[in-house]
Amino acid sequence: MKKVSLENEDNKFTPPRFVTGLQCFICGSKYDYDNVQTCPKCGIEGILDVLYDYDEIRPNLKSQISNRSFDHWRYKELLPISDDIQLPHLHIGWSPVYDVPRFASHFGIKKVFIKDDGRNPTSSFKDRASSVGVLKAIEFGFDTIACASTGNAASSLAGLSAAVGLKSYIFVPQRAPEPKVTQLLVFGATVLKVQGTYENAFDLCREACVKFGWYNRNSGTNPFLVEGKKTAGLEIAEQCAHDLPDWVVVSVGDGCTIGGIGKGLQEMKRLGFIDRVPRLLGVQAEGARAMVNAFISGKDLVPTDTNTIADSIAVGTPRNWRRAIQQIKQSHGEMITVSDEEILEAMKTTARLSGVFGEPAGVTASAGLKSALEKQIIKPNESALVIVTGNGLKDIQSAKQAVGDPISLPPTLEALTAALSFQNIK
Ligand SMILES: *Cc1c(COP(=O)(O)O)cnc(C)c1O
Ligand SMILES: [Zn+2]
């Protein structure tokens, strides 16, 4: 396994221009920019935040951005990537924001926007993080990258690795769903089915990265990946600058997505693109509510068991809860849970009232908006942007639960007429 030192002249990339260092969320210690994962003093819980020199960035950003391509690299000053590195050719980010009045009036709210992140190359929000992850691996001199996941992080890493020419090793638990494992194999990842749970796969992956010298695209703890997720917040500020929503609604697993979006919005306020930050509503499944519990109690997070159809947010031990809760509180936001029934219902209503088909975790924010209106957390005269984080074709099994079967009939007009009149009577 080739591991090229950063000191090697031939392989040296300039460090990201505006990154000033990294800071621990727990103890506040600051570190120089380097190939690190978590705070050495605080261990695995010591998530690091990437710091930037905003005073240097601010004067030129607005004018320079206006000439750039519409993908998430347009914010390169606000990303921890080297200027000399070749960007992946896949189109990442700048997902569309739709104004969906029929959806809004159905739920009794003034205005709703849907930002469809299922439109990324491997069909989920995770491509924002993986695209930064593969660049960090290349910059730090690795030719192999690994992660443990059954879901979107895995398929995203496999796809992005294929795009840039890295080898990828993906650790999945025994019960990983067949379609997702197949997607990994198609992209050429080496898929290791671990005889055990997700936690077993996670631990084995971490040990393997140390032993074999692979870069760890660890979903919850790698400080650079969340910077990729941040770009959705940067985009919302630009795309909605003239009609900024009162609320941004996001489904929550590890908490990197909502924490990143919050950071992105805060940065855009600081840099003069927007004059306020929308309130964040974080939505978890009832069967995976560890973060909501911590948000309500104000105490440290206590891991829970998980039981929900929204597999992408079925996280019992959310890794980035401090960042997520800090961002939600800073925005004067809220957190709520929704049931699996509400999620299945939201899959139908979102698709039928907007034309956007999301997987269960992808429409959890939609379900959360409905519930927050009922609980009067969000008011009818406010506006909300809902992020659909993953495409519905990722999980056909759940979708079938929501919608049932098609009408089966012989190929005659009589049969069709009979079937249609039966439909009308129903
Ligand atoms: C990963 C994921 C989320 C949640 O992101 P976290 O960073 O784990 O909170 C939400 N929706 C989908 C579709 C995902 O894949
Ligand atoms: Zn620390």
Side-chain angles (χ1 to χ4, degrees), residues 22-31 36-49 95 115-120 122-130 147 149-157 180 198 217-223 225-230 232-233 249-263 280 282-285 288-292 306 308-325 327-328 335 343 346-347 357-368 386-395 398:
L22 299 141
Q23 184 167 26
C24 174
F25 266 95
I26 300 180
C27 71
S29 296
K30 288 191 183 168
Y31 300 95
V36 287
Q37 295 267 341
T38 52
C39 173
K41 290 184 202 151
C42 302
I44 185 94
E45 291 240 342
I47 306 281
L48 297 171
D49 188 33
S95 54
K115 185 165 171 64
D116 183 11
D117 253 72
R119 296 264 306 239
N120 279 301
T122 74
S123 306
S124 87
F125 194 99
K126 294 290 192 293
D127 288 337
R128 295 179 183 273
S130 294
C147 83
S149 161
T150 71
N152 293 329
S155 43
S156 173
L157 181 64
K180 293 191 172 178
Y198 173 71
R217 182 237 190 265
N218 181 323
S219 15
T221 52
N222 182 312
L225 294 177
V226 73
E227 297 299 303
K229 293 191 165 186
K230 179 178 88 176
V249 191
V250 187
S251 62
V252 176
D254 269 313
C256 312
T257 302
I258 196 164
I261 288 171
K263 181 175 182 183
L280 298 174
V283 189
Q284 287 202 295
R289 54 171 299 149
M291 187 109 65
V292 174
T306 61
T308 170
I309 52 158
D311 62 302
S312 305
I313 51 168
V315 182
T317 312
R319 309 274 166 182
N320 226 321
W321 64 273
R322 283 191 180 81
R323 178 198 296 276
I325 290 178
Q327 283 297 341
I328 295 167
M335 288 202 84
I343 291 171
M347 189 183 277
F357 178 21
E359 67 166 291
V363 297
T364 296
S366 251
V386 169
I387 303 190
V388 171
T389 43
N391 187 289
L393 291 173
K394 290 254 186 188
D395 184 359
S398 297

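Indexing begins at 1, ligand by ligand and atom by atom, following the structure's order.
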(Q) Assess the residue pair Asp116 and Ser95 against the criterion (side chain to side chain donor-acceptor pair (under 3.5 Å)); give the C-alpha distance rounded to whole Å, side-chain angles, the decisive distance to 0.1 Å, and a yes or no. (A) CA-CA 6 Å; Asp116 183 11; Ser95 54; over 6 Å; no
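Protein heavy atom in closest approach to atom 12 (C) of ligand 1: Thr389 OG1, 3.3 Å. The protein heavy-atom contact nearest to atom 2 (C) of ligand 1 is Lys126 NZ, 2.3 Å. With hydrogens left out, the protein atom closest to atom 5 (O) of ligand 1 is Thr257 OG1, 2.8 Å, a heavy atom.
Remark: the Lys394 side chain and the Ser155 side chain contain an N/O donor-acceptor pair separated by less than 3.5 Å. Under 3.5 Å, the side chains of Ser251 and Thr364 contain no donor-acceptor pair of N or O atoms. A donor-acceptor contact under 3.5 angstrom links the side chains of Asp127 and Ser156, judged on distance only.
Distances shorter than 4.0 angstrom occur between a heavy atom of Lys229 and an atom of ligand 1.
Under 4.0 angstrom from ligand 1, the non-hydrogen atoms of Ile313 all belong to its side chain. The proximity of Ser124 to ligand 1, defined as any non-hydrogen pair under 4.0 Å, does not occur for either the backbone or the side chain. Contacts with ligand 1 closer than 4.0 Å are made by heavy atoms of both the backbone and the side chain of Asp254.
Between Cys256 and ligand 1, at least one pair of N/O atoms sits closer than 3.5 Å.
The backbone N or O of Lys30 lies less than 3.5 Å from no partner atom in the side chain of Gln23, so there is not a single donor-acceptor pair.
Looking at Ser251, Ser155, Gly118 and measuring to atom 10 (C) of ligand 1, the nearest heavy atom belongs to Ser251.
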